[in-house]
2 protein chains.
Amino acid sequence: MIHKEGKAVVIPTAVIKRLPKYHRHLGKLLKKGVEKISSREFGEIVGVSAPQLRQDLNHFGNFGQQGYGYNVEKLYNALAKVMGIEKKSNMVLVGVGNLGQALISATDFKRRGFNLCTAFDINPRLVGMTINGIKVRDIANLEQYIKDNDINIGIIAVPEETAQDVADKLVLAGVKGIWNFAPVDLKVSKEVSVENEHLTEGLLRLSFKIKGEI
Amino acid sequence: MIHKEGKAVVIPTAVIKRLPKYHRHLGKLLKKGVEKISSREFGEIVGVSAPQLRQDLNHFGNFGQQGYGYNVEKLYNALAKVMGIEKKSNMVLVGVGNLGQALISATDFKRRGFNLCTAFDINPRLVGMTINGIKVRDIANLEQYIKDNDINIGIIAVPEETAQDVADKLVLAGVKGIWNFAPVDLKVSKEVSVENEHLTEGLLRLSFKIKGEI
DNA sequence: CCTATATTGTTAAAAAAATAACAACAGAGG
DNA sequence: CCTCTGTTGTTATTTTTTTAACAATATAGG
Ligand SMILES: NC(=O)c1ccc[n+]([C@@H]2O[C@H](COP(=O)([O-])OP(=O)(O)OC[C@H]3O[C@@H](n4cnc5c(N)ncnc54)[C@H](O)[C@@H]3O)[C@@H](O)[C@H]2O)c1
Ligand SMILES: NC(=O)c1ccc[n+]([C@@H]2O[C@H](COP(=O)([O-])OP(=O)(O)OC[C@H]3O[C@@H](n4cnc5c(N)ncnc54)[C@H](O)[C@@H]3O)[C@@H](O)[C@H]2O)c1
């Protein structure tokens, strides 16, 4: 729960969805050496109106200064803190198939404090391999590993048929969040957060925009 | 533009975002042999209230029947038509790296009428290879291929630095939609639709839900 | 054929989100 | 030190989205 001036406030989900985008663009500005930016300029960059941007940010604190704007570095760090990035996350991947191997090789996550510790699969031909420095272990060892290594995020990249089963195992072992790539709506206890990447849905939305009509 | 009773109506974006999920669950019900379903039951399955479900569907037509509910197969086909799935899409992939290769191997898309025709890369070691039946061509041939083969969707799976450049090429060649996996907000002419899969943003949202506070 | 039941399509109300307006204030320049 | 400019934080307004309510109607059972 988030608090502001002592009171608990609920952050609108619409706001939460935009934060990562703000953070990403601030990172790019920082790299370019931009020191300060106004809500109008920044809003234009991220594709959001200036008032909305200010309102969004003010849910978490007053990061700007009248007549000046926002200090890019300060805002970048503030948002990182808001999203909890400065507290490192330990992750495990389950399912080392086509997608799982791509995720193992992705560089973006590590830069932002997400640490992929190991991967699990059920296929004996994969178990024991090391891919891009990540060891593949037998799914049977999942629970013990999660408990021993302070893992709080599990990534699901298994076929849809086994996704719920894997999710159950992850929850039982004690992860706090699941990043799910299987085209399934997982049922988990409500203390665990799930973020779905239903890629095919994105493609269908694109199709609708291009060709949809009655 | 969508028309209903002769009048042009704008479909709320919130509705559009939910359609693919409805379609996916209808597919599963159909497979299970379920013949009819009420808005209450179906709403429970997809995680949406019954009135909202009815209102969503009624943007496109009256698919239900009082006292009976919705015929699953009929609704499934109607939604497919609404989203333009029955008109097949030809796609090309640009960027045959870790993620690109995973996408080539994905089976979900084909089943829904999305036909990946070929892939392009700039790396001469990849050009000429065939992966899962998909031939990898030189990026120099992109424009000609798209024009010759009635391609309407381009998938971008190249590094962020070259993504805008690839997008420009795709637009110039005449695609109608871009499915973008690079962590960049592409600038394209407004006749072209873009659907972003900014995976890292999903991970950050998960982090926020788990650890975010002030 | 008539009645009771189930469930829709549609209109109305409430809630959430986005946009607009503006007073407050920091900093620059005279 | 004062005034003008730029830009924030915040409150008010509008728009969009969600939820609720209910009349209309198809089906099933007697
Ligand atoms: N490949 C893509 O680009 C893509 C795109 C969209 C969605 N997806 C989804 O991602 C998931 C994975 O796709 P993929 O193409 O990598 O599939 P895949 O078949 O290549 O890989 C699945 C892996 O999961 C392992 N596995 C299966 N059951 C398991 C279990 N109970 N415990 C541990 N490991 C198990 C398999 O051994 C295999 O290595 C699927 O649900 C798919 O629908 C993939
Ligand atoms: N790997 C993942 O799981 C993952 C996750 C999230 C986001 N992404 C994003 O997806 C994109 C691709 O990631 P990846 O891991 O596959 O990278 P990668 O480096 O493995 O592959 C990129 C491919 O693009 C090709 N390429 C580069 N410039 C090109 C050009 N101008 N024209 C044609 N081809 C070109 C390269 O030769 C290479 O084969 C990146 O933008 C990355 O940020 C990847």
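Order of the sequence lines sets the chain letters (A, B, ...), proteins ahead of strands, with each chain counted from 1.
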For D/dT7 and A/Ser39 - does any side-chain N or O of the residue sit under 4.0 Å from the phosphate oxygens OP1/OP2? no

Step through the shown structure and confirm whether more than 12 heavy atoms of other residues, nucleotides or ligands are within 6.0 Å of NZ on A/Lys17. no

Looking at A/Glu143 and A/Lys169, does any basic side-chain N land under 4.0 Å from a carboxylate oxygen? no

Without decimals, in angstroms, what is the distance between A/His59 NE2 and D/dG9 C1'? 12 Å

Among pairs that include at least one residue of residues 144-202 of chain B, which meet ring-ring contact (aromatic ring centres under 6.0 Å, His included), considering only residues two or more places apart or in two chains? B/Phe109-B/Trp179, B/Phe120-B/Tyr145, B/Trp179-B/Phe181

Check each residue of residues 12-36 of chain B for a non-hydrogen atom within less than 4.0 Å of any atom in DNA chain D, then write out the ones that pass by number, or none. B/Pro12, B/Thr13, B/Ala14, B/Arg18

From CD of B/Gln52 across to C1' of D/dT16 the rounded distance in Å is 12 Å

Spacing of B/Ile37 atom CD1 relative to C/dT8 atom C1', expressed in whole Å: 15 Å

I need a per-nucleotide contact map over nucleotides 20-30 of chain D, read 5' to 3'. Cutoff is protein heavy atoms under 4.0 Å; write B for the base, S for backbone only, - otherwise. BB--BBBS---

Calculate the interatomic distance between B/Asn62 atom CG and C/dT10 atom C1'; express it in whole Å. 10 Å

B/Leu57 CG to C/dT7 P, in whole Å, measures 16 Å

Rounded to whole angstroms, how far apart are CD1 on A/Ile11 and C1' on C/dA17? 14 Å

Can you check the B/Phe63 CZ to C/dT10 P distance for me, whole Å? 12 Å

Let me check something: any side-chain donor-acceptor pairs from residues 63-79 of chain A under 3.5 Å, sequence neighbours excluded? List them with distances.
| unit_1 | atom_1 | unit_2 | atom_2 | d |
| --- | --- | --- | --- | --- |
| A/Asn71 | OD1 | A/Glu73 | N | 3.1 |
| A/Asn71 | OD1 | A/Lys74 | N | 2.8 |
| A/Asn77 | ND2 | A/Glu73 | O | 3.3 |

Between A/Glu201 and B/Arg24, is there a side-chain N and carboxylate O pair less than 4.0 Å apart? yes

Could you tell me the separation between the CG atom of B/Leu206 and the CE atom of A/Met83, rounded to the nearest 0.5 Å? 12.5 Å

What does A/Phe42 touch in the nucleic acid at a heavy-atom separation under 4.0 angstrom: a base, only the sugar-phosphate, or nothing? nothing

Distance col, row B/Leu93:CG vs B/Thr118:OG1, nearest 0.5 angstrom, shows 9.0 Å

Tell me, which pairs form a ring-ring contact (aromatic ring centres under 6.0 Å, His included) where one or both residues lie in residues 31-56 of chain B, sequence neighbours left out? none

For atom CG of A/Leu53 and atom P of C/dA20, their distance in whole Å: 15 Å

Considering residues at least two apart in sequence or located in another chain, which fulfil the side chain to side chain contact (heavy atoms under 4.5 Å, CB included) criterion with B/Ala163? B/Ile156, B/Val158, B/Ala182, B/Val184, B/Leu186

